[in-house]
Amino acid sequence: MKRLGAFSFARRLFKPRTTQHTHSQESKEKMEQSPIVTVEDNFDLQESRESMEKSPMITANNNFDTQSATENEKETGSYAATNIILNHEFSDGLHSWHPNCCDAFVVPAGSGYHKGLAAEEGCCYAVVSNRKECWQGLEQNITSRVSAGSTYTVSACVGTSGTFQGSVEVLATLKLVYQNSETSYLFIAKKAASEECWEILEGSFSLSTMPNQVIFYLEGPPAGTDLLIKSVVISCPSSTACDSSGTSSVCTDDDNIIINPQFDDGLNSWSGRGCKVALHDSMADGKITPMSGKSFASATERTQSWNGIQQDVTGRVKRKLAYLVSAVVRIYGNNVTSADLRSTLYVKAADNRERYIGIASVQATDKDWVKLQGKFLINDSPSQVVVFLEGPPAGTDILINNLVIKHAAKAPPSSPPVIEDAGFGVNIITNTSLNDGTNGWFPLGNCTMSVQTGSPHIMPPMARDSLGAHEPLSGRYILVANRTQNWMGPAQMITDKVKLYLTYQVSAWVKIGQTSGPQNVNVALGVDSQWVNGGQTEISDDRWHEIGGSFRIEKQPTKVMVYIQGPAAGVDLMVAGLQIFPVDRRARFRHLKKQTAKLRKRDVMLKFSVSDSGSLFGTFVRVRQLQNSFPFGSAISRTNMDNEDFNAFFVKNFNWAVFGNELKWYWTEAQQGNLNYKDADELLDFCTKNNIQVRGHCIFWEVVGTVQAWVQSLNKNDLMTAVQNRLTGLLTRYKGKFPHYDVNNEMMHGSFYQDRLGKDIRVNMFKTAHQLDPSPMLFVNDYHVEDGCDTRSYPEKYIEHILDLQEHGAPVGGIGIQGHIDSPVGPIVCSALDKLGTLGLPIWFTEVDVSSDNEYVRADDLEVMLREAYAHPAVEGIMLWGFWELFMSRSNAHLVDAEGDINEAGKRYLALKHEWSSHPHGHIDEQGQFSFSGFHGSYEVEVVTVSKKITKKFVVDKGDNALVISVDIS
């Protein structure tokens with residue numbers, strides 16, 4: 001499991017810190033970080049419109065003077081220059097707009113969709129349809145682009161379409177959400193509109209205090225009437241560039257929100273955080289001078305690693321905007337030559353909750369200035385925001401030459417990689433059959449190689465699943481002897497054979513000589529100076545073992561070498577039939593689609609009856625799937641819920657959730673006896689209101705680095721008491737509310753509780769949890785189970801672990817595979833699922849994320865994981881480990897960027913969700929029936945006859961026989 005945030009357990013009274021950058025995974029060990037994501041009360045767009053009264057703190061003028069508007073336009077240049085509405089003419093579809101409990105789409109220019117309205121040539125417009133209430137319409141969140149004390153003019157070009165006679169009124173309204181979710185509505189203006197021509201709705205408004213959320217929307221026509229919108233302009237004639245405080249205007253992308261960023265004004269606006277700050281033009285006898293400008297600052301006399309230099313940026317940071325932070329830094333003193341230096345954001349919410357957001361880190365030295373760079377985003381409107389530098393050991397000075405924080409420019413979209421002559425399934429290893437001796441091979445290190453016979457003739461199973469029918473292997477193998485280091489083995493250069501962005505599968509038979517204990521064998525790649533894991537296995541006998549893995553290279557290397565390594569010095573190594581070949585994912589997908597249809601769909605027959613003798617033959621039938629019953633979920637955290645765009649995407653596209661941090665022991669009891677369930681309670685309430693089930697993650701976590709300092713300091717008896725209190729407190733508080741629990745996370749990679757309390761503690765955790773709450777399914781949960789790259793958690797070892805727990809009485813009910821994976825290959829993932837499936841327990845992917853700089857490659861990786869899981873009979877749920885940029889534990893893993901734009905990976909996810917939903921339509925046959933094959937889930941059928949419209953809801957559950965549904969049209 002990964003934590004969306006790094007935590008320092010010994011400082012700041014254990015205040016949780018949200019981390020929006022990701023830590024490097026260059027170590028072969030997995031650094032678990034969890035989704036640091038937070039949530040306030042749900043912003044409910046469907047709440048009652050009982051009151052339309054104006055707030056006494058707000059004014060609106062619907063007697064907007066057109067002539068004044070024209071004069072303002074002349075003074076300011078044009079409305080377009082100051083328009084705060086994004087995508088105001090719908091040229092980018094519905095981007096930035098959201099239908100409020102109804103449907104909406106954009107009509108292209110010149111389509112003549114609504115014949116009554118003469119759309120100007122070259123103009124498109126939005127249509128808001130399926131409106132069941134007059135207040136339903138199209139909205140845009142403008143919170144970050146308005147400020148108190150300014151007057152804004154509104155001008156919207158609107159129309160209507162429907163069965164009404166004459167005209168109907170269109171209204172412009174603001175929804176204002178304050179602290180504690182207190183809500184009011186501000187009427188701006190109204191205009192009578194018809195189907196005959198476009199009308200201009202005009203008005204103005206002013207806010208004397210700033211709410212947490214400001215939502216502009218158009219509404220008004222009666223239910224069933226379509227609302228048409230050609231353009232919307234909201235402008236502030238007096239708006240100017242951002243002043244230094246940033247409290248009354250919107251900053252442009254080029255505005256640095258840091259005051260005195262290069263210390264030209266001394267230390268003005270800067271202060272020390274638990275230490276002193278000083279200004280310098282040079283240090284160390286002139287050896288340290290500014291990289292730019294005339295001065296730099298130091299944070300000195302630091303007694304804690306969190307001491308540093310800071311600036312309060314309250315009021316200058318806008319919610320839901322991504323900011324790029326860039327600083328030039330170095331360290332000095334205390335005989336420290338290199339140290340981790342971090343930029344961090346302290347955020348104090350309106351309700352006084354505090355959090356720390358890690359922005360970026362860099363390895364700073366005492367030799368040169370280095371650049372520290374990262375991004376952050378704040379979802380709420382906090383009462384205080386402070387940016388500071390921290391990290392090096394106490395006694396070491398932090399030096400800073402400049403700091404810039406600007407609105408982050410959107411990254412240009414990726415292009416799909418162009419790969420010519422991919423050569424799917426073609427082995428790039430030379431002389432793999434060893435027909436030509438060891439030609440093409442060389443020994444890595446001072447060892448010897450020879451060719452022997454007696455290895456398997458069959459292709460290893462995982463490779464066979466990818467390649468299909470294949471000629472037998474030669475039966476020859478390389479014997480590597482006289483090994484004096486574990487990295488010694490056979491090697492080959494493949495620099496010119498590897499193509500960028502292709503995913504390569506690795507396969508071989510391996511065996512070792514006599515040894516006294518288990519030995520790891522690894523297919524490794526040296527890509528320039530980087531070690532790349534191509535697959536691992538553990539061997540403790542004299543049999544041949546399959547080794548399988550994968551890799552992908554995304555940046556052009558100068559040298560790529562493949563080599564087989566691992567056993568201890570003195571242990572002979574044998575390698576046969578090494579295959580490295582690019583995989584054809586599309587061919588695999590075609591196979592998986594057929595498997596999915598067999599597993600996740602069911603034949604359905606709708607039988608219609610009518611009381612009179614009239615025939616139903618030929619009557620039109622429309623079936624709509626309301627929701628797929630298969631669990632598709634995501635990690636969420638508390639801060640996310642302050643972002644209504646995040647909430648809308650999450651609720652619409654997921655039906656399960658897991659909390660990134662908020663249920664973990666280090667979050668709920670950071671200090672002994674000081675319990676905090678507020679965040680978890682609020683998240684659970686949000687999910688319950690939105691009919692979303694939640695996995696309980698996690699009761700305990702075996703990895704020592706995730707255990708609070710106070711827990712680690714307890715003696716054995718006190719630790720046992722604390723463990724029992726944790727179980728009792730959590731399981732009784734949430735009894736019956738979590739259908740799953742991960743009981744003791746990552747037991748394959750950690751052993752803190754077992755080392756301190758004995759092996760029985762793991763079984764007792766399961767038993768006690770079940771006694772306290774018998775209803776939830778209790779899971780094991782671990783990583784690198786499915787990818788072939790970790791000998792601590794490969795499927796066979798995971799199976800042994802689960803069986804051992806069960807044999808000692810642990811009520812293990814489910815198998816969690818986290819799914820943090822790189823360059824996944826379907827047959828390798830499927831092989832792990834097949835093996836684990838023999839236990840007969842439900843398997844869930846609990847924390848899936850994939851990472852690539854290229855959105856299309858990332859989308860392909862995600863599709864591999866989703867298709868393999870959905871097509872496998874043992875898999876009963878898939879959870880993503882987040883989806884929103886800056887709120888995931890891995891970089892380049894998001895589906896939606898920080899400001900709400902869906903990237904190619906997100907589009908692929910939505911496309912798969914659409915593919916896995918059924919919406920058949922047709923006509924009733926002569927037998928009064930309509931048949932289709934549909935994915936499991938809930939449905940609604942609609943039948944329209946001459947005299948009436950009939951709808952009926954039904955559920956398609958699992959079953960081998962056709963499901964017969966009777967529909968009475970009497």
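Reckoned from all heavy atoms, side chains included, excluding hydrogens, waters and symmetry mates. All figures in this text were calculated on a predicted structure; none of them were measured in a lab.
Between Phe883 and Phe649, the ring center distance clears the sub-6.0 Å criterion.
The minimum heavy-atom distance linking Thr160 with Glu195 is given by the pair O-CG, 3.2 Å. Nearest heavy atoms, Phe90 versus Leu138: CE2-CD2, 3.7 Å. The minimum heavy-atom distance between Cys687 and Ala657, with the atom names listed, is SG-CB, 3.8 Å. Taking every heavy atom of both residues into account, Ala322 and Lys375 meet most closely at CB-CE, 4.4 Å. Pairing each heavy atom of Pro211 with each of Val177, the nearest pair is CB-O, 3.5 Å. Between Glu202 and Ala189 the shortest heavy-atom distance is O-CB, 3.1 Å.
Arg858 contributes a side-chain N or O that, together with a main-chain N or O of Asn892, makes up a donor-acceptor pair within less than 3.5 Å. Between the side chain of Asn87 and the main chain of His95, a donor-acceptor pair closer than 3.5 Å is present. Under a 3.5 Å cut-off, the side chain of Asn212 and the backbone N or O of Asp380 do not form any donor-acceptor pair.
Relative ring orientation between Tyr185 and Tyr217 is described as perpendicular, the plane-to-plane angle rising above 60° on a 0-90° scale split at 30° and 60°. Note: Phe205 and Tyr152 have parallel aromatic rings, judged against thresholds of 30 and 60 degrees for the angle between ring planes. Aromatic ring pairs are classed by plane angle as parallel below 30°, tilted from 30° to 60° and perpendicular above 60°; the pair Phe632 and Trp916 is parallel. Ring geometry for Phe954 versus Tyr939: interplanar angle under 30°, hence parallel rather than tilted (30 to 60°).
Looking at heavy atoms from C-beta onward, His98 lies out of side-chain contact with Gln140 at the 4.5 angstrom threshold. Side-chain contact check for Met210 versus Val146: some heavy-atom pair is nearer than 4.5 Å. Annotation: side chain of Phe105 is in contact with side chain of Val107 (closest heavy-atom distance under 4.5 Å). Between Thr688 and Asn690 there is no side-chain heavy-atom pair separated by less than 4.5 Å.
There is a side-chain donor-acceptor pair under 3.5 Å between Ser235 and Thr153. Side-chain polar atoms of Glu855 and His894 form no donor-acceptor pair below 3.5 angstrom.
Atom NZ of Lys952 has more than 12 heavy atoms from other residues, nucleotides or ligands within 6.0 Å. No more than 12 heavy-atom neighbours from other residues, nucleotides or ligands sit within 6.0 angstrom of CZ on Arg622. Around the NE2 atom of His921, the shell of radius 6.0 Å holds no more than 12 heavy atoms that belong to other residues, nucleotides or ligands.
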- When you look at Arg131 and Asp226, which way does the salt bridge (Lys or Arg N to Asp or Glu O under 4.0 Å) test go after all the steps? CA-CA 7 Å; Arg131 300 175 60 255; Asp226 288 355; over 6 Å; no
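Taking CG of Leu207 as the reference point, atom CG of Leu174 lies at 6.5 Å (rounded to 0.5 Å). Atom CG of Asn379 sits about 8.0 Å away from atom CH2 of Trp884, to the nearest 0.5 Å. Interatomic distance, CD1 of Ile85 versus CD1 of Ile142, reported as 5.5 Å (0.5 Å rounding).
Relative to the six-membered ring of Tyr125, Lys230 misses at least one condition, a distance below 6.0 Å or an angle of at most 45° to the axis. Figure legend: cation-pi geometry between Arg867 and Phe589, with NZ or CZ positioned under 6.0 Å from the six-membered ring centre and within 45° of its axis.
For Asn628, the side chain to side chain donor-acceptor pair (under 3.5 Å) partners are Tyr870, not counting sequence neighbours.
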